[in-house]
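Note that this is a predicted model, so its numbers are computed, not measured.
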Amino acid sequence: MHARLWGAVRVVAAVSLAVGLGACGQSDESGGSGENASGKQLKIGLLLPGYGGATRWAQFDKPLVEAKIKDLCGDCTVAYADAGLNAARQQQQAEAMIIKGVDVLILASVNSETIRSTINKAHEADIPVVAYDHLAEGPISAYVGFDARRIGELQGEALLKALGDRAHDSQIVMMNGDPINPDAREFKMGALSVLEGKVKIGKAYDTPGWEIETAHGNMTDAVADLGADRVDGVYAANDWLASGVISALKAAHIKPLPPVVGQDAILSALQRIVSGEQYMTVYKPYKLQAGAAVEMALALGRGEGLDRIAKDTVSSPTTEDIPAVVLTPVAVTRHNIKDTVVKDGLYTIDQICTPEVKRACDEAGLTS
């Protein structure tokens, strides 16, 4: 199956996903090893953007990737670097790993365009690159991520549902993500495909660097310009921005809070959803993503093909038909927390239902 994630065509067949990830772990069981073509133990570089300790990268992606590598390749070594949301720093980190001779890179890019020159250097050094979550430019060997357009659609659909019959008379604010991030552009396009013509978009902002403070400031300006009683809902590209939006709404003494949608299913967002401050988030099964990335990285490091793992293909502005695993995101509201993030082991009820939100958890049926 082919997906042009940078364009308008969407993908994902659940059957392809099940077949591809159902094969995880077969490499070692069928005689695979942690060695590269020269017989040396594999060295895997893991480069994450690092939006902060409270976000998904530190909480989920890093430990899940490292655990999967240990599970499938106990002798493999991992070099890890957190870019602190600095594109130049990430380039330096990646180039240092290239010089040190890693066998394969798993890369979630800060800036998909500027990292291109570094990916070219990896290619020249015969080091495959697995683009993780962000489809980077340059000669990458594989990609694993979520259907970004569908994420935006889920957010838009949830916002319309929250507005209900009054949607056609409603005015919303769009707090989009970082404009240099191709996924953020896809989120916005997906949301707009659902929202345009159904609600009035009173204000729309891009948020460079995904900064909470910027989202807070822009939301404060939107309330001042539109009026506190004329903000009926907010699209926030992720939960990080949603927190800045909600803090601005509360500072403006808006009661009740209008529905706010986000993404990433971070713990604080789930607690806001339980307590009624945020309406919805998007859960992306990170364990499946990490598993697919490691499977592809090990196969590439061993010089094997990806047909068993990657059932999809994607294209970037620089590279056609990249082997890919494209995963399906899941909408999460107060009503299905238990059947999604709790069922999958992302969080426990005790982690979500702290004393501050215990009463709301009881009312939502999470603690019964």
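Asp103 CG to Leu300 CG: the interatomic distance, rounded to the nearest 0.5 Å, is 11.0 Å. Distance NE2/His123 to CD1/Ile98: 12.0 Å, rounded to 0.5 Å. Summarising the geometry, atom CE belonging to Met97 is positioned 11.5 Å from atom CD1 belonging to Ile44; distances are rounded to the nearest 0.5 Å. Rounding to the nearest 0.5 Å places CG of Asp362 at 3.5 Å from OG1 of Thr367. Here Ile273 contributes atom CD1 and Ser275 contributes atom OG; the two are 9.0 Å apart, rounded to the nearest 0.5 Å. Here CD of Gln278 is found 8.5 Å from OG of Ser243. Values are rounded to the nearest 0.5 Å.
What you find for Gly177 and Ala237 is that their closest heavy atoms are N-CB, 3.4 Å. Across Leu64 and Ala290, no two heavy atoms sit closer than the pair CB-CB, 3.7 Å. Nearest heavy-atom pair, Leu298 versus Cys76, reported as atom, atom and distance to 0.1 Å: CD2-SG, 3.9 Å. When all heavy atoms of Leu159 and Tyr235 are compared, the closest pair comes out as CD2-N, 4.0 Å. Minimum heavy-atom separation, Ala87 to Asn111: CB-CB, 3.9 Å. Looking at every heavy atom in both residues, Leu306 comes nearest to Ser141 through CD1-O, 3.9 Å.
The side chain to side chain contact (heavy atoms under 4.5 Å, CB included) with Gln263 is formed by just one residue from the set Asp183, Asn238, Leu154; it is Asn238. For the salt bridge (charged side-chain N to carboxylate O under 4.0 Å, His left out) criterion with Asp61, the lone passing option out of Lys68, Arg56, Lys287 is Arg56.
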* To do: Test side-chain contact (heavy atoms from CB on, under 4.5 Å) on Asn176 and Asp206 and set out the steps.
  => CA-CA 5 Å; Asn176 301 305; Asp206 288 330; 3.5 Å; yes

* **Check against side-chain contact (heavy atoms from CB on, under 4.5 Å), Tyr132 and Val65** => CA-CA 11 Å; Tyr132 186 88; Val65 168; 4.2 Å; yes

* **Test log, rule side-chain contact (heavy atoms from CB on, under 4.5 Å), inputs Ser315 and Asp321** => CA-CA 5 Å; Ser315 292; Asp321 299 325; 4.2 Å; yes

* To do: Begin with the C-alpha distance, continue with both residues' side-chain angles, and end with the deciding distance and a verdict on salt bridge (charged side-chain N to carboxylate O under 4.0 Å, His left out) for Lys121 and Glu124.
  => CA-CA 5 Å; Lys121 291 178 182 179; Glu124 291 166 1; over 6 Å; no

* Go through the steps to decide whether Ser112 and Glu137 satisfy the test side-chain hydrogen bond (donor to acceptor under 3.5 Å, both in side chains), and finish with yes or no. => CA-CA 6 Å; Ser112 61; Glu137 293 189 17; 5.1 Å; no

* Asked: side-chain hydrogen bond (donor to acceptor under 3.5 Å, both in side chains) between Tyr283 and Asp344: does it pass, once the steps are laid out?
  -> CA-CA 11 Å; Tyr283 165 48; Asp344 284 2; 2.8 Å; yes

* Take Thr281 and Leu270 through the test side-chain contact (heavy atoms from CB on, under 4.5 Å) and record every step on the way to the result. => CA-CA 8 Å; Thr281 187; Leu270 292 170; 4.2 Å; yes

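In terms of modelled atom types and a separation under 3.5 Å, the side chain of Asp232 and the main chain of Gln171 share a donor-acceptor contact. Checking side-chain atoms of Glu157 against main-chain N and O of Val194 turns up no donor-acceptor pair under 3.5 Å. A donor-acceptor contact shorter than 3.5 Å links the side chain of Asp178 to the backbone of Gly209. Proximity of a side-chain donor or acceptor of Lys338 to a complementary backbone N or O of Arg334 within less than 3.5 Å is not detected. Side-chain N or O atoms of Asp312 include one that pairs as donor or acceptor with a backbone N or O of Val326 at under 3.5 Å. Panel note: side chain Glu95, backbone Thr118; no donor-acceptor pair is recorded below 3.5 Å. Remark: side-chain polar atoms of Asn336 are paired, donor with acceptor, to backbone N or O of Ala331 under 3.5 angstrom. One N or O on the side chain of Gln90 and one on the backbone of Ala108 form a donor-acceptor pair closer than 3.5 Å.
Using a 4.5 Å heavy-atom cutoff, the side chains of Asp239 and Arg272 are in contact. Contact annotation: the side chain of Leu107 never approaches that of Ile140 to less than 4.5 Å [non-hydrogen atoms, C-beta and beyond]. Using a 4.5 Å heavy-atom cutoff, the side chains of Ile151 and Lys284 are in contact. Side-chain contact check for Thr313 versus Pro323: every heavy-atom pair is 4.5 Å or farther apart. Contact check for Ile180 versus Glu113: no side-chain heavy atoms found under the 4.5 Å cut-off. Side-chain contact between Leu160 and Leu195: present, with at least one pair of heavy atoms (C-beta onward) separated by less than 4.5 Å. Pro259 places none of its side-chain heavy atoms less than 4.5 Å from the side chain of Lys161. Residues Pro139 and Asn120 meet the side-chain proximity criterion, which asks for heavy atoms closer than 4.5 Å.
Ring centroid separation for the pair Phe60 and Tyr347 comes in under the 6.0 Å cut-off.
Hydrophobic clustering, with ILVMFWY side chains joined whenever heavy atoms are under 4.5 angstrom apart, keeps Leu366 apart from Val357.
A salt bridge is defined here as a Lys NZ or Arg NE, NH1 or NH2 lying under 4.0 Å from an Asp or Glu carboxylate O, and Glu363 with Arg359 meets this definition.
Within 6.0 Å of NZ in Lys62 there are more than 12 heavy atoms belonging to other residues, nucleotides or ligands.
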